[in-house]
Amino acid sequence: PLPPPAEPAMPAALAPSRGELAVPGAPPPTLSPLAPPRGAARRRGELIHALLQHLPDLPAERRALAAERFLRRQGLEAAAAAALAAEALGVLDHSALAPLFGPGSRAEVPLTGIIAGRAVGGLVDRLAVLPGRVLVADYKTNRRPPERAEDTPVLYLRQMAAYRAVLAEVFADRAIACVLVWTQAARVVTLPPELLARHAPGAWADSA
């Protein structure tokens with residue numbers, strides 16, 4: 001008889017959108033020093049996410065009215081509902097994001113994988129699997145976009161790099177394109193692969 005083999009090490013859990021990726025330094029800047037209370041900002045982000053999840057299922061000509069009606073049912077005044085609806089529609093109408101909201105795209109997609117000994121699990125805001133490439137996007141609400149992709153907060157770079165690593169395992173025959181959507185300005189920032197490679201789980205796990 002022989003002793004049983006040693007049990008393999010259990011991979012440590014890593015949730016890219018939570019605090020496991022926090023690093024020293026300033027947090028991502030808010031849109032204004034007079035930011036709303038934490039609960040209000042979170043609620044606003046939830047409403048934007050809900051609009052971006054469900055409005056693409058409607059014909060374009062019906063989206064504005066549907067968005068405002070939804071927001072009014074959530075208790076928003078008319079002016080606030082119109083402003084928030086315009087923010088969501090600005091993202092949906094952005095030409096660079098057309099594939100993300102086209103046929104076959106999906107919202108709130110769960111991802112799970114083992115990367116560099118870490119069990120990565122998360123929920124991506126929007127995913128489109130296209131011929132030759134996969135497009136993944138994460139929405140950033142209540143935040144001021146940086147001037148350059150290189151100035152993106154490390155927290156967000158690590159988040160998207162983790163998603164990219166998992167998707168690369170699933171779609172090894174396709175390029176993975178990662179974008180951050182800053183909803184307030186309807187600004188889309190494509191994160192360069194070489195920048196994300198420096199922030200992949202295996203690149204920073206030891207130092208963390």
Side-chain angles (χ1 to χ4, degrees), residues 4-25 28 45 49-50 52-54 56-57 91 94 96-141 143 145-146 148-183 187-208:
E7 290 285 342
M10 292 292 291
L14 174 64
S17 60
R18 297 182 183 175
E20 288 91 335
L21 302 186
V23 293
H49 274 71
L52 294 176
Q53 179 179 353
H54 298 294
D57 297 331
V91 172
H94 198 293
L97 297 178
L100 271 176
F101 300 109
S105 63
R106 297 177 59 192
E108 303 292 320
V109 181
L111 290 182
T112 304
I114 306 295
I115 305 296
R118 310 292 295 272
V120 178
L123 195 68
V124 301
D125 289 332
R126 199 81 189 181
L127 181 72
V129 179
L130 309 170
R133 65 175 179 143
V134 175
L135 188 57
V136 57
D138 196 77
Y139 308 138
K140 299 304 177 189
T141 59
R143 295 292 177 182
R148 306 179 306 159
E150 293 77 7
D151 298 328
T152 301
V154 172
L155 172 66
Y156 296 161
L157 293 175
R158 289 184 173 182
Q159 176 189 5
M160 298 307 290
Y163 291 156
R164 178 175 178 264
V166 174
L167 289 168
E169 292 287 331
V170 180
F171 301 100
D173 60 334
R174 292 175 170 89
I176 311 298
C178 298
V179 299
L180 292 178
V181 181
W182 305 86
T183 63
R187 182 175 176 186
V188 178
V189 177
T190 300
L191 301 174
E194 59 274 15
L195 176 61
L196 292 176
R198 297 200 298 269
H199 296 278
W204 58 264
D206 291 342
S207 61

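Quick caveat, the model's predicted, so the values are computed rather than measured.
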Taking only residues two or more places apart in sequence or in another chain, which ones pass side chain to side chain donor-acceptor pair (under 3.5 Å) with D173?
-> none
Could you walk me through whether L100 and V179 pass the side-chain contact (heavy atoms from CB on, under 4.5 Å) test, one step at a time?
-> CA-CA 10 Å; L100 271 176; V179 299; 4.2 Å; yes
Please test T141 against H49 for side-chain contact (heavy atoms from CB on, under 4.5 Å), starting from the C-alpha separation and ending with a verdict.
-> CA-CA 9 Å; T141 59; H49 274 71; 4.3 Å; yes
Contacts of S105 that satisfy side chain to side chain donor-acceptor pair (under 3.5 Å) - sequence neighbours left out = R126
State the CZ-NE2 distance between R164 and H199, to the nearest 0.5 angstrom.
-> 12.0 Å
Atom CG of L111 and atom CG of L123: how far apart are they, to the nearest 0.5 Å?
-> 8.0 Å
Passing option when C178 is tested against T190, L135, L196 for side-chain contact (heavy atoms from CB on, under 4.5 Å) | L196
Please collect all side-chain hydrogen bond (donor to acceptor under 3.5 Å, both in side chains) contacts where either partner lies in residues 127-136, sequence neighbours excluded, each pair once.
-> none
Contacts of F101 meeting ring-ring contact (aromatic ring centres under 6.0 Å, His included) (sequence neighbours excluded), chain-then-number -> none
Counterpart residues, salt bridge (Lys or Arg N to Asp or Glu O under 4.0 Å), relative to D125 (two or more places apart) | none
With sequence neighbours excluded, what pairs up with V189 under the side-chain contact (heavy atoms from CB on, under 4.5 Å) test?
-> A149, W182, R187, L191
Which residues pass the side-chain contact (heavy atoms from CB on, under 4.5 Å) test with H54, sequence neighbours left out?
-> none
Hits for side-chain contact (heavy atoms from CB on, under 4.5 Å) against V134, two or more places apart or cross-chain, chain-then-number order -> L127, V129, L167, F171, R174, I176
Got a second to check how far M160's CE is from D138's CG, nearest 0.5 Å?
-> 5.5 Å
